[in-house]
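Below: the structure, in structure tokens.
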Amino acid sequence: MEHIKTDICIIGAGPVGLFAVFEAGLLKMRCHIIDVLPQVGGQLSEIYPQKPIYDIPGFPVINAQDLVNGLMDQIETFKPTFSLAERVDTLERLDDGSFIVRTNENTEVHSKVVVIAGGLGCFEPRKPAIEGLEQFEGKGVSYMVRNPELYRDKKLVLSGGGDSALDWTIFLSEVASRVTLVHRGDTFRGAPDSAEKVFDLAKSGKINLILQSHITSINGNGHLKEVTIQGKNNEQTNLETDYLIPLFGLTPKLGPIAEWGLNIDKSAIEVNTFDYSTNVEGIFAIGDINTYPGKLKLILCGFHEAALMAQSAFKYVYPDQKLSFKYTTVYGVNTF
Amino acid sequence: MIHIKVEDNKGEVQDLEIPEGINLNLMETLKAFEYPLRATCGGMALCSDCHCQVLEGWDNLPEAQEQELITLDTRPDATGASRLACQIKLSEAIDGLSIRLIGENE
């Protein structure tokens, strides 16, 4: 178990979470950031890294990933620490008012302030509507490939038509005893090279490729044993398998944060616009995850919210000190 | 007026009347009518939150572009009648469209 002590625990490494590190750093507060994705940047890196953004002040146009890279450069001086590819699970409030945030990887972050900058929530795998799917999770059904060796000499069924379904089909065809890829369409629109390779593997008999079909049910006795595949004419085929890996991308869900006693309206956390504090003392919510009258889900609004949040967070981190407002143009950026 | 019939995720059907000349796509229009579409990507055909099935009027729709087709490929519930509402520009040409919303809500 990893135990981290810091001033502010930020949940979410999107642009607003990253900029919160800067605003906190100016006030000598250290930050640790947790994000479920394996990379920083949130939606910008995960959904639209190559899209241009036109409403960041000072940048007539900036590519989303370039903005993330610029923010990482900007906060480097404040030496933030990160737990990436970890999902925040629980929050505990200690008697002295500080918090312990725990992740699914048993990381514990002890902080005086918690800032939720979780965007639209925690990115989780999109699950196909197959009855009983969840009861086989971890018992033959998984939504990502963590350890390919698990599948050595096993029978696998993958479903999906995106790049990850293609890439893992190609990779696992060398590992598993049999790989079957089930796809609703009859073509793949992902990377043309990968699609061609998958068709070649099917032609040479190295994989089974079942097009214009989808999985309708799964069976097993404690562990997955069989999937039922329905074709375009509604014909059904049963296929024995050890594992099923549905690969349909990621979709954000609010997740465990919904259970923390925060006031929530339509999957967003209600805040006081004075400082973007929530109804729980010491917890703030900034960026797309909060809501208030007049809320606009814009990155630039999240930056503003981060600045105001930091002013109020200061009193939890340094309860005995008086905060005096300072311009970076006068005092510069003083590193830790 | 442009008439669109919308069945929401709960099965409730509503006939919408939308004045012509509004420069919006169908996802933005539905949000304006207070359908709680999440629309994570804001209309870039990248998230599929505004996934809908076209029940009537398919032939009047503009053809789906590459990005929309790539994104629909990642939906487990996509069918031959699937479209992303954010990629359908509102115009007189789509008058009489009937859709069922099956994407993610807020």
Side-chain angles (χ1 to χ4, degrees), chain A residues 42-44 46-53 55 64 119-121 123-130 133 143 159-166 182-192 195 212 214-216 232 246-254 264-268 288 291 297-299, chain B residues 7-12 23-25 27-28 30-54 58 62-87 100-106:
Chain A
Q43 283 178 54
L44 277 66
E46 182 63 27
I47 302 184
Y48 53 94
Q50 301 311 324
K51 287 282 179 181
I53 304 174
D55 58 356
L120 292 162
F123 278 90
E124 292 180 5
R126 187 181 279 124
K127 299 176 184 178
I130 300 172
L133 187 70
Y143 305 99
S159 64
D163 282 341
S164 66
L166 293 171
V182 181
H183 174 42
R184 275 183 182 272
D186 56 359
T187 55
F188 294 100
R189 295 188 178 83
Q212 294 183 290
H214 64 281
I215 294 164
T216 51
K232 66 173 172 173
L247 293 168
F248 293 104
L250 301 174
T251 188
K253 294 256 188 307
L254 192 57
I264 294 192
D265 177 32
K266 289 184 192 150
S267 299
D288 284 0
T291 185
K297 288 183 180 179
L298 291 176
I299 294 168
Chain B
E7 181 182 330
D8 69 12
N9 303 50
K10 292 176 191 148
E12 283 173 27
N23 186 25
L24 292 177
N25 62 48
M27 176 274 286
E28 292 163 337
L30 291 167
K31 282 181 81 80
F33 275 91
E34 302 201 338
Y35 282 91
L37 300 182
R38 190 172 57 182
T40 303
C41 76
M44 293 185 282
L46 292 169
C47 73
S48 82
D49 284 351
C50 63
H51 180 200
C52 61
Q53 280 182 329
V54 178
W58 175 272
E63 219 171 287
Q65 301 296 301
E66 189 71 4
Q67 183 56 56
E68 181 180 356
L69 295 171
I70 288 172
T71 300
L72 282 171
D73 261 356
T74 67
R75 290 292 304 201
D77 50 358
T79 69
S82 288
R83 288 299 303 261
L84 298 180
C86 71
Q87 299 303 297
R100 178 184 292 139
L101 298 174
I102 51 173
E104 276 83 10
N105 284 340
E106 284 178 332

Partner chain A: residue of [options] with the largest heavy-atom pair count (under 4.5 Å):
options: B/E104, B/E66, B/R38; result: B/R38
options: B/L69, B/L72, B/N105, B/D77; result: B/L69
options: B/T79, B/T71, B/I70; result: B/I70

Checklist line | Derivation of the side-chain contact (heavy atoms from CB on, under 4.5 Å) call for B/M44 and A/I47 | finding: CA-CA 10 Å; B/M44 293 185 282; A/I47 302 184; 5.7 Å; no
Item checked: Audit row: A/H183, B/D73, side-chain contact (heavy atoms from CB on, under 4.5 Å) steps and yes/no -> CA-CA 9 Å; A/H183 174 42; B/D73 261 356; 3.5 Å; yes
Item checked: Rounded distance [0.5 Å steps], NZ in B/K31 versus SG in B/C86 -> 11.5 Å
Notebook entry, point to check: SG of B/C52 to CD of B/E7: how many Å apart, nearest 0.5 Å?
Noted result: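 That separation rounds to 11.5 Å.
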Check: Does B/H51 offer a backbone N or O that forms a donor-acceptor pair with the side chain of B/R75 under 3.5 Å?
Finding: no
Next item on the list: Just give me the residue among A/P128, A/G121, A/P252 that pairs up with chain B most often, heavy atom to heavy atom, under 4.5 Å.
Entry: A/P252
Item checked: Most contacts with chain B, counted as non-hydrogen pairs under 4.5 angstrom, among A/K127, A/R184, A/Q43, A/K51 -> A/R184
Item checked: chain B contact via A/S164 - side chain, backbone, both or neither, heavy atoms under 4.5 Å -> neither
